[in-house]
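Below, read A as the first sequence line, B as the second, and so on, with proteins coming before strands; counting in each chain starts at 1.
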Amino acid sequence: MLNFILSRMARAVMTLVMVMSFAFIVMRLSGDPATILLGPDAPQDAIDAFRARWGLDDPLWKQYLAYIAQIFTFDFGISMRDQMPALDIVLERIPATLAITLPAMILKLGIGIPAGVYAALHRESIADRGVITLSIFGFTIPSFVLALVLVLIFSVQLGWLPSGGQDSWQHAILPIVTLSVGGIGIMARFSRSAMIEVLGQPYIRTAMAKGLSWRDVVWKHALPNASVPIVTLVGFMVGALIAGAAVVESIFSWPGVGRLIVSSVANRDLAVVQCLLLVIASSMVAANLLVDIAYGLLDPRLRSKRSAH
Amino acid sequence: MTPILEARGLVQQYATGRSLFGKPPSMRAVDGVDLAVREGEILGIVGESGSGKSTLGRMLLGLETPFAGEVRWRGQPMPAPRTDMWRRLRAQMQLIFQDPLAALDRRMTIAAQIAEPLEIHGLMKGAEAAERVAELMARVGLRPDQADRYPHELSGGQRQRVVISRALAMRPKFLVCDEPVSALDVSIQAQVVNLLRDLQEQEGLTMVFISHDLKVVHNICNRVAVMYLGRVVEEGPSGEVFGDPRHPYTRALVSSIPKAGRGLTDRIILQGEPPNPAMRPPGCAFHPRCAIADAACAGEIPELSGHRGRLTACLKQRAIIPATAA
Amino acid sequence: MTDTTLPEGTGTSPVKAGMVRRLRTSMPLVIWCAVGWLAAMVLTAIFADLLRPHEITAMSLTQRMAPMGTPGYWLGTDDLGRDVLSRLIQSIRVSLVIAFGATIISAVFGTTLGFLAAQFRGWVENLVMALADFQAALPFMIMSLAVLAFFGTSMVLLVGLMGFYGWERYARIARGLAISASAQGYAGAVVQLGAKPSRVYLRHILPNVASTLIVSMTLTFPEIILMESGLSFLGLGVQPPQTSLGNMVGFGREYLTRAPWIMLAPSVVIVLTTLSISLLGDWLRDRLDPTIR
Amino acid sequence: MAFVSIRDLKVSFDGVQVLHGIGLDIGRGEAVGLVGESGCGKSVTWLAALSLLPAKARISGSVRIDGQELIGAPGPEIEKVRGARIAMIFQDPSSSLNPVQRVGKQIMESLRLHRGLKGAMARTEAIRLMNMVGIPSAETRVDLYPHEFSGGQCQRIMIAMALAGQPDLLIADEPTTALDATIQAQILDLLSTIRRETGMAMVFISHDLGAVSAVCDRAAVMYAGKIVESNEITALFAAPRHPYTVGLLDAIPELDVTRARLQPIKGTVPDPKYLPTGCAFAPRCTHATDFCTTDQPELKRQPDSGLLACFHPAGRYKTETLTRREELV
């Protein structure tokens, strides 16, 4: 198990290094980092100081190493809009984002998985067809359309819920619902097919031949096996949530990370964008690492395999 | 007779995983095999899973480059896989797989697939090729109306006939059959075995026949090599090896075959774990399961050598022979 | 050799000749509707220049925010008095061109990398798989936003960027199928007949994996539409005066209460299009390739 | 009276009939072989009897255990029979065990279910069973997962799990097909030993006539969803009467005879969708007459012993057959 975790961690570090390199390459390709990180209106002496400090006249590989070292000291540059360290601006926004993404995640898992499993256990029934149909609608409706429709109904027509801002818990309801609908659909669909696949396996027949009741076959044999593929999807869900937050926070004027990224991209506040990129990538990689470990815990076959693939 | 194909000191090993620290663990599938295939013979290779028999077959054909040792075809070294020389040589040697459905492209008609080697090697085209395909199909007992069928529309035995006729298209000299009848039903097995025997006689083919089924190997092969954990433990004419097995493993293998109409009496039942190439025991690889092994067997790897006109790799050979002679 | 797989032949794969016929004979009504809608969309995109009643930038200051059903402006006009129907037609063209272009780029790029990984193994394979891991680890939306922030927005960049969407899926599928076909399968058999890699990949592996790849394309296509319209909605994708579906919805959002028709029509088009492709893809997957999820 | 008796069992999938009225009796403590090629319905017979087939299967007929009808019986009643009275082991042992559950736990589950054993007592009994089926150092390996055992050992664990319910009948569905020759011999040996010690009845399903004759007292040969011949093992192999049985025996090469050409059965097994109208074997049969292609033979009790469904059986003294078999020796 230790070997397994170590190999997964090595992979996580590799991915992070690739994200940093990606940011480095994009930054170098797009122009002079001094003007990018300090802004086009920065005074010449500040630019010169920056150049000297980061050795921009050094060979590229030296610059790359310096860049990596800079990141490891959590120095992501200064926001050109707010003249504050980019990292501080990003960290300040994280709680607001968690306030809507965590409940959305719980809804996705709490509704999506049971619905999918129920559908798989009652194949071809009305409930199954209902779950399939709703889940297809769930993930084909774009979140921004759904958000606007919800606003139109619950804020404009009925006046029950506020359409934007962050003043009370009611403000969070529409963002959370919007964020979770697509994920619930995907989760339900995937859980259904994972469960159907498991139910066709020979060990399910063995469990039945043993004399177990159908209930025990499902709970003790089918579900633990189906949970293995389902857990992998949870990793992807984290990424989908962050991407979804960008749209949803913008629509509902929710002051989180997602809205920050959209506004800083629009303003070309590149220090903040770069910092966000790395923070989001780190959280994604961390989430995937947790998923991998959970995967290893659920499936003993993976644990004993030394290979990383 | 001079051997048409010769293998010397063949070793193949694969990495079994990746290690963060140090050398990745490896597994020896084939561990030092010398083998000579004579022109016109059918050589059987028998062994259980993990014995390395399929890997050996692929190396004999040059489909895999051995980790150590070499294969010589008509005295010449085998060219490296996927080179032009190697591709040209494919016209002379062919492989027949265990699973004919997997070996056929399910989106091509069987006639197109039988014609494919002719196209690849630029031998013939159009009407001439069509004629050759018809001839090949008749040769293996396929009906002309099956030419436009797709593989999944045929039965298992018919699919194997397609694979065989495709292999024969270039009039090869040498054929390796890897478990060609294992996936077939008993009644169909006999049809395909007979077909292979007829073809071998009429076309003067040289064949290596790899199988775990001793009865089929005995029926089709002149000579047989028994493998255990990557090494040949006994070799000889198939009548002798199966009629009077000398190596304790061959004896157990022969004895383990249930005979129709006879019960479970006087059988040697091997104890212990099945062979695992990733955990090869020191010395004679068979010693942990061997009834007559002693301390010396764990210390030395026995070489395949002659004992009373028979080739075996067993340190206890001298002990066995007086016992059977007495 | 078990008997439980009876009756034999139920799991057999379709072949070219029988495939089209089998697909046609048992198409449910909802799939017919989906195909019909998609055909209408494609035709709209092709003949957009002929279908548009007005220029998309033509402003009619007397007809600002005219509601739906106004003669000459059947889907109404926006705040600048531009015809919503004309803009919608043009948006369908732009969004579909981006989605088609990107889907094809991503499929070709991913499949090629997957085949390269399967053919050369070793470090090529490790590199491709590491890139795929990287791609999967970073939400595509965030990556796109970062690239757009650094380089600014342009149509070419947008299509190129969208062309990276989902390539790792094709690469994984193509690599996996090619490896399994080479190990004990038909591709390995053809290699040992003496065929060159070009023949193996183009004549054998590609036709065999095509149905699986097409099913994957039906998955990425709606996702690319959603991605592009999401970016355009945020004002970071297609830029005015050009227009796309997401762009129109984003624009209409300002007038949600006063002129909901501005965003209504493009929203309906997006939902129906992605829904149609998803339904069609699902159905195709069940029919063509029962082995993949 | 027979312990388990099957009468006129028919099964069809999506309108394609695969079992055409099976009749079979299993006595207490008896070992019966069920022989046939793939697709002949030998496994389906027992999966149908225990309601283990997918829901789309249509089943009719009767399967009685001590007089209790199983076909159409409510779920809980069948669950009381499964594992407790009739246990079943399968062809592919490695995938027949739950991969994410420790093997000991899987055995203990049966012990709790059928014998009410819990906790330490169940564990001790699970270890005893693992020892009994020949798993070395069972005390330490009881907490391992299935993938940590080889195929042969997984089959031993399957057998231990089946024995946990102390069943009266064990159905072994091709238990050695996926295993190597020397491991096959071990499992066959184990099955006979266990049967001797526990006195339970066994149905051994296999395409391997040799394996069947090694462990069974009696065997029934199936072809295309029907039993075509059944007899005591010795009689069946010494004097097969159905041309299919004769053909099967002739098609198998033997180790102790000369390397003569094999005598294959011509043609292939018919597609269950397009069965011939008469005897299903008629198109492949060397004895078949016009009558065989129009009428179906009934399975009838034979004067000396056994049951047979054939209009033109190979007689015990039929010279033609004898000479053919003599050629081989």
Asks: Is K80(D) paired with E77(D) through a side-chain N to carboxylate O contact shorter than 4.0 Å?
Replies: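 A salt bridge is absent here (no side-chain N lies under 4.0 Å from a carboxylate O).
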Asks: Looking at F139(A), I'd like to know if the NZ or CZ of R189(A) sits under 6.0 Å from its six-membered ring centre while staying within 45 degrees of the ring's axis.
Replies: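 Because its charged atom misses either the 6.0 Å distance or the 45° angle limit, R189(A) does not stack over F139(A).
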Asks: At their closest point, which heavy atom of M187(A) faces which heavy atom of G112(A), and how far apart are they?
Replies: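 What the structure gives for the nearest pair is CB-CA, 3.9 Å.
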Asks: So, for N98(D) and K220(A), which heavy atoms are closest and what is the spacing to 0.1 Å?
Replies: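 Minimum heavy-atom contact is ND2-O, 3.9 Å.
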Asks: Can you confirm whether more than 12 heavy atoms, excluding those of F22(A), are under 6.0 Å from its CZ atom?
Replies: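 Enclosed.
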Asks: Is it true that E174(D) and K42(D) have a side-chain N and a carboxylate O under 4.0 angstrom from each other?
Replies: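 Salt bridge: yes.
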Asks: Contact part of L212(A) toward chain D, heavy-atom cut-off under 4.5 Å: side chain, backbone, both or neither?
Replies: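 For L212(A), the contact with chain D is made by backbone and side chain together.
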Asks: Using heavy atoms and a sub-4.5 Å threshold, report which of residues 99-124 of chain D line up against chain A, by residue number.
Replies: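 Residues P99(D), V100(D), Q101(D), Q106(D), E109(D), S110(D), R112(D), L113(D), H114(D) are the ones that qualify, each having a heavy atom under 4.5 Å from chain A.
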Asks: Quick one: are I159(D) and I187(D) in side-chain contact, heavy atoms under 4.5 Å?
Replies: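 Yes. Closest side-chain heavy atoms under 4.5 Å.
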Asks: Tell me, out of S213(A), A207(A), P224(A), G200(A), who's got the most heavy-atom pairs with chain D below 4.5 Å.
Replies: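 Highest number of heavy-atom pairs under 4.5 Å: S213(A).
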